[in-house]
Structures are given as C-alpha cells and as structure tokens.
Amino acid sequence: MLFVPAHLLKFVDKAHERGADGIVLDLEDSVPLSSKREARQSLRDSITKAGRDGASVLVRVNQGMRAVCADLDAATVPGLAAIVLPKVETAEWIIEIDREIETLERERGLVPGGIRLVAQIETPAALPRLAAIAAAHPRLIALGLGPEDFSAAVGGQPTPDLLLGPNLSVLFAARAAGLVPLGFVGSIGDFADLMEFRKTVRRSRALGFAGAFAIHPAQVSVLNEEYAPRSDELDWARRVIEAEREAEARNRGAFTVDGKMIDAPIIRRARALLAWSE
C-alpha cells in the first residue's frame, strides 16, 4: 500500500500507475497543517482518480477528535475502501471511529460496514493492549507497526534490534485475531538502497508478515515481488498436496517431500501459499 500526500495532486494523478494494491491518500504526517483543508476539499476527486486501475483506495486520517471528524466527513464517499488510523493505543478509539463512520454511511446511503479500518501501532503504550485492539471491531482488517513513529516514541533509531520485538508483538496479535499483519523489521524511510530493502522485506515475509506500506514508488515493485509466493514455493506446495492425497490413500498422516517430514502444520502452510497465490 503506497502512501501519497493528499494535497499534492500531481502525485495523486499518477498514483494509479505505481502498481500498488492499495493507494493510501495521506491526510496526516505528509500534509502540513496549512494544507490539510485543501487536501480534504479535493479528497472525493482524489479517491476516484487513485482507484482508476482497480487499486483499493484508503485514507489515513489525523489524530484528535476534531481533526478526525473533519477527515472522516471528507473521506466517507463512494470508492473509499478503508480508513488508516495512526497511533492507535486503545480498542475504545477504534470503537469510537466505527460509530462516526457508521453514522456517515447511514446518512449517505453507503453499505453499512463497507468501509474497513487499518490500525497503525506507533507508541509503546499500545503494546500491552494489542489483543484488545486487534479484536476491537469487525471493521478492523489489518494491523501494522509504524517504525519511524514507534522508534521516536521510545527515543531510539528504527533499527532491526529495536523493531523486531514490537513487530513480532503486532504480528502475533494480528494473526490471533484473524487480521492481516503488515510491516517489515526496518525503516520505511530508507528507500535509496533497494537491495537492502529487499533483504528486509524478504526477512519480514519469512517471519509471517503478509504485506506492507510504502512511502516511495520504488518500494512498490520490491514489495509486490517479495510478498508474492515464488514459483519454487508454489511448486513445493503443489507437490505437498499431491503427496498428501497419496498418503491419505495409504492411511498415513505424515509423509516426506524432498527428504523432509510433512504433517498437518506444513500441509496448512502449503494450502495457504496456494490460496495466497490465487
């Protein structure tokens, strides 16, 4: 999902060409205070433009009830897929946001519950409440750590040493609640060295993450390639499923593929790979 500053219309106009699955029109960090009103006023047209090639369009809102209400009022229009909530610290905040969106959906004739939520965890205060946050409401579909904000909040640098623990906490909470875990164990702002970025993303996928945000178009192709199942993985998964059928015919619950034991957890991983590819 690619962040695009909502007030920079020249970037919005080209967002649909970047190859991202989702375009996040940002009203928060990338928009100066003096331009937020302008960004809101153009949001309806921007949502339409960003979704031209079929990408899902999301809007990241600001903090604070006054700003959030203004953002939601501008963003709750046809074509919006989800709201990205920054710096989520409690389940109650998600419930409060749901109430506001529900009112707007009802007033504007939109499908109830059609607009989903993505929560960003960006402060240490949220970590003890992750289970409650992840289970707060059915609108919530994904959870991710904001590496830059989180690092700043604890007075550190966005290095793997600092970010591994909180990223894993977010990953575990998301998986336990049936949400999509987003992120990688590194800085989102470091897009100059794409080889190093690729290594970071590859490691994060191996940990269990299923996607991530990007702040620069150059990061999108790397994310698309690394989070997609590779051809050798899919070949392995198909051979596992075929071997499973043969094992069932012989009344066996475990078998080998490529000299390694295969049982129920690994079969589930093979099925998940094939489902992800489809």
Side-chain angles (χ1 to χ4, degrees), residues 1-5 22 24-32 58-64 67-68 71 82-94 96-97 117-136 140-177 179-193 196-216 219-220 222-223 226-227:
M1 291 181 287
L2 175 64
F3 279 115
V4 178
V24 185
L25 299 174
D26 190 22
L27 295 175
E28 195 213 14
D29 285 347
S30 66
V31 181
L58 306 87
V59 170
R60 181 166 70 169
V61 297
N62 290 279
Q63 289 181 282
V68 166
D71 293 344
I83 292 291
V84 179
L85 293 174
K87 300 174 181 65
V88 173
E89 292 187 337
T90 67
E92 288 75 17
W93 180 238
I94 291 175
E96 191 71 24
I97 294 298
L117 296 174
V118 176
Q120 289 187 292
I121 303 302
E122 299 181 291
T123 63
L127 296 184
R129 307 167 186 152
L130 282 176
I133 290 170
L140 188 62
I141 56 171
L143 201 64
L145 186 82
E148 311 297 334
D149 282 277
F150 187 89
S151 299
V154 301
Q157 299 293 322
T159 63
D161 285 345
L162 174 61
L163 294 172
L164 178 59
N167 261 295
L168 289 177
S169 295
V170 169
L171 169 68
F172 299 155
R175 289 296 188 187
L179 307 181
V180 177
L182 300 172
F184 43 79
V185 186
S187 170
I188 192 173
D190 187 9
F191 56 82
D193 188 345
E196 193 62 32
F197 180 67
R198 185 179 294 277
K199 292 178 184 177
T200 297
V201 174
R202 187 170 295 173
R203 181 190 182 207
S204 298
R205 187 195 166 211
L207 289 172
F209 290 95
F213 291 108
I215 62 166
H216 192 278
Q219 295 173 315
V220 172
V222 175
L223 291 172
E226 292 301 329
Y227 279 115

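Quantities reported herein were computed from a predicted structural model and do not represent experimental measurements. All values below were derived from every heavy atom in this structure, side-chain atoms included, with hydrogens, water molecules and symmetry-related copies excluded.
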**Q** When E28 is tested against each of Q63, Q120, K87 for side chain to side chain donor-acceptor pair (under 3.5 Å), which residue passes?
**A** K87

**Q** Just do the side-chain contact (heavy atoms from CB on, under 4.5 Å) check on I141 and V180 with the steps written out, would you?
**A** CA-CA 6 Å; I141 56 171; V180 177; 5.7 Å; no

**Q** Please tell me if the side chains of E96 and T90 come closer than 4.5 Å, counting only heavy atoms from C-beta onward.
**A** no

**Q** Hey, what do you get for CG (L223) to CZ (R198), rounding to the nearest 0.5 Å?
**A** 9.5 Å

**Q** Going from CG on D190 to CD on Q219, what distance comes out if it is rounded to the nearest 0.5 angstrom?
**A** 8.5 Å

**Q** Please report the closest heavy-atom contact between Y227 and S204, naming both atoms and the distance.
**A** OH-CB, 3.9 Å

**Q** Take V68 and W93 through the side-chain contact (heavy atoms from CB on, under 4.5 Å) test and state the conclusion after the steps.
**A** CA-CA 11 Å; V68 166; W93 180 238; 3.8 Å; yes

**Q** Would you call the rings of F184 and F197 parallel, tilted or perpendicular if under 30° counts as parallel and over 60° as perpendicular?
**A** perpendicular

**Q** Tell me, with the steps shown, if L207 and N167 meet side-chain contact (heavy atoms from CB on, under 4.5 Å).
**A** CA-CA 10 Å; L207 289 172; N167 261 295; over 6 Å; no

**Q** In this structure, which one of D29, L27, D71, L25 forms a side chain to side chain contact (heavy atoms under 4.5 Å, CB included) with R60?
**A** D29

**Q** Mind checking the CD1-OG1 spacing from I188 to T200? Nearest 0.5 Å is all I need.
**A** 12.0 Å

**Q** Looking at CG of L58 and CD1 of I83, how far apart are the two atoms once the value is rounded to the nearest 0.5 Å?
**A** 8.0 Å

**Q** So which heavy atom on I121 is nearest to which on A126, and how close?
**A** CG2-CB, 3.7 Å

**Q** Shortest non-hydrogen contact from I94 to L85?
**A** CG1-CD1, 4.3 Å

**Q** Measure the spacing between CZ of F209 and CG of L171 and express it to the nearest 0.5 Å.
**A** 4.5 Å

**Q** Identify which one of S151, P166, P86, P147 satisfies the side chain to side chain contact (heavy atoms under 4.5 Å, CB included) criterion when paired with E122.
**A** P86

**Q** Do you know which two heavy atoms are closest between E89 and A125, and how far apart they sit?
**A** OE2-CB, 3.7 Å

**Q** Could you measure the distance from the CG atom of L143 to the CG atom of L117? Nearest 0.5 Å is fine.
**A** 11.5 Å

**Q** What is the minimum heavy-atom distance between A173 and A134, and which atoms define it?
**A** O-CB, 3.7 Å

**Q** Are E226 and R205 ion-paired here, with the side-chain N under 4.0 Å from a carboxylate O?
**A** no

**Q** List the steps, then state whether side-chain contact (heavy atoms from CB on, under 4.5 Å) holds for Q157 with L162.
**A** CA-CA 7 Å; Q157 299 293 322; L162 174 61; 5.9 Å; no

**Q** Restricting to non-hydrogen atoms, name the atom on L163 and the atom on S187 that form the minimum distance, rounded to 0.1 Å.
**A** CD1-N, 4.5 Å

